[in-house]
Every structure is written in structure tokens, then in C-alpha cells.
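Each remark here refers to the structure printed beneath this line.
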Protein chains: 2
Amino acid sequence: MEKLVDEDLPETVDAETRVQGSGDHHAELRLWLRMLTCTNLIECEIRSLLRTRFDVTLPRFDLMAQLERAPDGMTLGDLSRRMMVSAGNVTGLVERLVQDGLVERRPAPGDRRSALVSLTDSGRASFETMAAAHADWVADLFAGLDAGDIDALMGLLAKAKASARVAAEGAPHVSTQATLAKKDTADG
Amino acid sequence: MEKLVDEDLPETVDAETRVQGSGDHHAELRLWLRMLTCTNLIECEIRSLLRTRFDVTLPRFDLMAQLERAPDGMTLGDLSRRMMVSAGNVTGLVERLVQDGLVERRPAPGDRRSALVSLTDSGRASFETMAAAHADWVADLFAGLDAGDIDALMGLLAKAKASARVAAEGAPHVSTQATLAKKDTADG
DNA sequence: CCGAATTATTTTAAGTTTAAAATATCTCCA
DNA sequence: TGGAGATATTTTAAACTTAAAATAATTCGG
């Protein structure tokens, strides 16, 4: 998480200095820092609430949230892609959740490389309780926004997401066969 | 970082089910997930670019970004608050940056508990190069947004931030003297 | 069918991160 | 002025996270 704050940046910029590759990027930079502080603020609060109320970490909650939507289980690779974290990360997370009895893994039928991961009954029950509280917290955190604000944000964030995807795909900094070949693994 | 994706949630909700504390929070939840994926996407790209182009990690870059704006140095506590991370985290990060010769620490005049941290000349030079590239990357990532979009997002995110702060302050889950007493450490 | 390339996962090493306890210092008021 | 409480930082243990290398299994063209 990039932890900068979005205050105190100069407002005025000399239009003359807009030169290719070294120009006036203040607006975008300020936007990025504000997005970051906003997300951080909410995430910290949710993390803290999950810990104090349910003694669970945010990554574990997130993983369980993915599994809840896949009653028949998902592979570790699916989890890694959906959660946007490394495969090795998922391995460890699942391992700990299995030890806690919240998650189970079984070999994937038809592919001996893969394992299917799913919630146990205990894990599902536990998650449902937490998810309800989580939804309430998020609603509280956004209580200062009206329906119009939310709609507008949804639209603008979709646009920002699309923009970022294009930029990231368009100028891949490490060209691999995978990067060039597959365009279908991302989530939207 | 909460790693959920913002797809596949039901669009339609029964208005009758809006009950206190267990109601219709889909819009807010969807907004939160979208904010998260959007931020994640951009952050991953920046992290990756920092690593491949400059062999630096995001937390180190963030810490140096804070220091650059404080030519006279900041305390570890300042860094912790501005970066929104724990104090212990900052201790380790500074330690490693000092070892790399990018940052220096000296005792704070007038308070023997504190240390002032600042960029070395080498650190400053290094950061300036990276910061210029970073600004370009962010501009590229947001290239699909026009000035109006950016303005609108800035306003809506400010509103969201304010809302979240009120909610987090208003219903503190762990009441400490500090929580109740000071309202001035956050960044705005 | 063979083998090269791809895919799924684990392992490894290093770094990041947190919460909580421990230290050390400072403030301030009774 | 003495000491209680607050503040600044470090330490600790555990968890999270990544990138890269290593394993293992699959796919697919020839």
C-alpha cells in the first residue's frame, strides 16, 4: 500500500512547463494520493474492526469472501487472481485457514496439479456473521455519501480502472510470453 | 489490503428489506470493492515499475516521498502518522534505508526520545529521479480521465474521506484516552 | 508418442506489517 | 518537586507479502 498523504501539494503550475515526459502531472498525482488515503483510511478501520470484533485478519476475511461465492470451491490460482495477490501468498493463507478448520482443500478432479478450496460449514457460518457486520461498517463509513454520489463514484472509478488497465497492459514493463498471449485472466 | 473484486454482486434489492442494521448495503459494498480493485490495480503497477526500473520497494519510496517534503527532517512519529503505518514498521524501514545510505537519522534537539530522519544527498538525488518517473506513470495510468473527471473524483473522494473519518471517529471500537483527547494528528 | 512450452502450486529468502509489551523520556499538576 | 500519565521509540512474535526458483503435471504441435 502506497502510504502518502494528499495534502500540501502546490496548486498552481506553470503551463509553460508542460513538456513531454516531464510535465504537469499534479492533478493526476493529487488524485492518486487522495484515492490512496481514502482507501487506506477505510481499510484500516475495517481491519481494526475485524480484529477487535471477530479476531480475524483482513486477508483471511478476504479469502473467505472469495470462497463464499464459489460453493463448489475454487483453485488456488483462481484465488490468487481474484484477490490480486501472489500464488505463494495464497498457499500460506489457505494453509492457516485449513488449520483453523475454516477452509478445506481437496484434489481437483481431472487435474492433479490443482487443489479445490472451499469453506467448511464452520467457515461458512463464521463468514456469514462477519460479512453482515462488514456490510454494516462499510455502509456506516460511506454514510456521508448520497445515492447520487455513489453512482457518480462508481462510474468514475470504473473509468479510472479501465484507464489503468489500458495503461498497464499497453506498456508492460516486463514482456513475457504470458503477458503477450493471454488477455482473459483479469476480472473485468 | 482488502483484496476482493467488484463483479458479480446482485444489482436488484428488495426495498422492503431495509431494516436497521441488517439491510440493503449493496451499493456501499459495491462502491468499496470497486475502490479497492481500482487502487490495487494502480498500486500493483506502480510497485512493479518501481521494482523493475529502480529496484526499490514501494514502502521505501513512500517513506522517501515523505522525507522529501521535510528538508529539515521529521520524527519517526511524524512518519508513522503521515504514512498511516505502525511505529514499529517505520523503525525497520528507516533502519534499512539508513543502511542503504539513502536516509540519515540524528537525535532530535530538545527531546531525547525522538530522532529526526531526513534524506541524504544521495537519497534526495535518487528520489528525485524516481519521483519524476512515478509522476509520469501515474499520469499514464489516469490518461483515460479528462480534467472534469479528475475534478469530480477529487471532490467525491474528499467527501468519502470525510464521511469515513466521521464514522471511524464517531464509533471508535477501542476507546482510549488518546482517541478521545486528540483530534489533530490526522492529515486533514 | 515426444518433448517443448505452459500452467498450477510450493518453496525460499527477504522484506513488510501489525499489535502488544517494554523502555525511555517528557509534561504537568497537585 | 514528585509522580502519574502521556508520548516517542524499540522490541518481539507472528502473520502477511512478494519475487524468483523449483516441482510437478498438462497441453499441444509435429
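Proteins get letters first, then strands, A, B, ... in listed order; numbering begins at 1 in each.
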Contacting residues from residues 96-112 of chain B, given that a heavy atom lies under 4.0 angstrom of DNA chain D: R105(B)
When all nucleic acid strands are considered with a 4.0 Å heavy-atom cut-off, which category describes S80(A): base, sugar-phosphate, or nothing? nothing
For residues 105-132 of chain A, which residue pairs pass the ring pair (Phe, Tyr, Trp, His ring centres under 6.0 Å) check, not counting sequence neighbours? F61(A)-F127(A)
Answer whether the closest heavy-atom distance between the side chains of L153(B) and L157(A) falls below 4.5 Å. yes
Pairs meeting criterion salt bridge (charged side-chain N to carboxylate O under 4.0 Å, His left out) with involvement of residues 83-107 of chain A, two or more places apart: R60(A)-D100(A)
Please classify the nucleic acid contact of S114(A) as base, sugar-phosphate, or nothing, using heavy-atom distances under 4.0 Å. sugar-phosphate
How is T91(B) classified with respect to the nucleic acid when contacts are heavy atoms under 4.0 Å: base, sugar-phosphate, or nothing? base
side-chain contact (heavy atoms from CB on, under 4.5 Å) filter on A162(A), not counting sequence neighbours, yields none
Summary of salt bridge (charged side-chain N to carboxylate O under 4.0 Å, His left out) pairs that have at least one residue in residues 119-130 of chain A, sequence neighbours excluded: none
Given dA19(D), dT10(D), dT17(D), the nucleotide with the shortest approach to the side chain of R47(B): dA19(D)
For T57(A) and dC16(D), is the shortest distance between a side-chain N/O and OP1 or OP2 below 4.0 Å? yes
For G77(B), answer base if it contacts any base atom (sugar-phosphate contacts may also be present), sugar-phosphate if it contacts only those atoms, and nothing otherwise; contact means non-hydrogen atoms under 4.0 Å. sugar-phosphate
Return the set of residues passing side-chain hydrogen bond (donor to acceptor under 3.5 Å, both in side chains) with D140(B) (not counting sequence neighbours), or none when no residue passes. none
Distance-only donor-acceptor test, R113(A) side-chain atoms vs dT7(C) base atoms, 3.5 Å: yes
Side-chain N or O of N89(B) less than 4.0 angstrom from OP1 or OP2 on dT18(C)? yes
Between R51(A) and L93(B), name the one whose nearest nucleotide on DNA chain C is closer to the 5' end. L93(B)
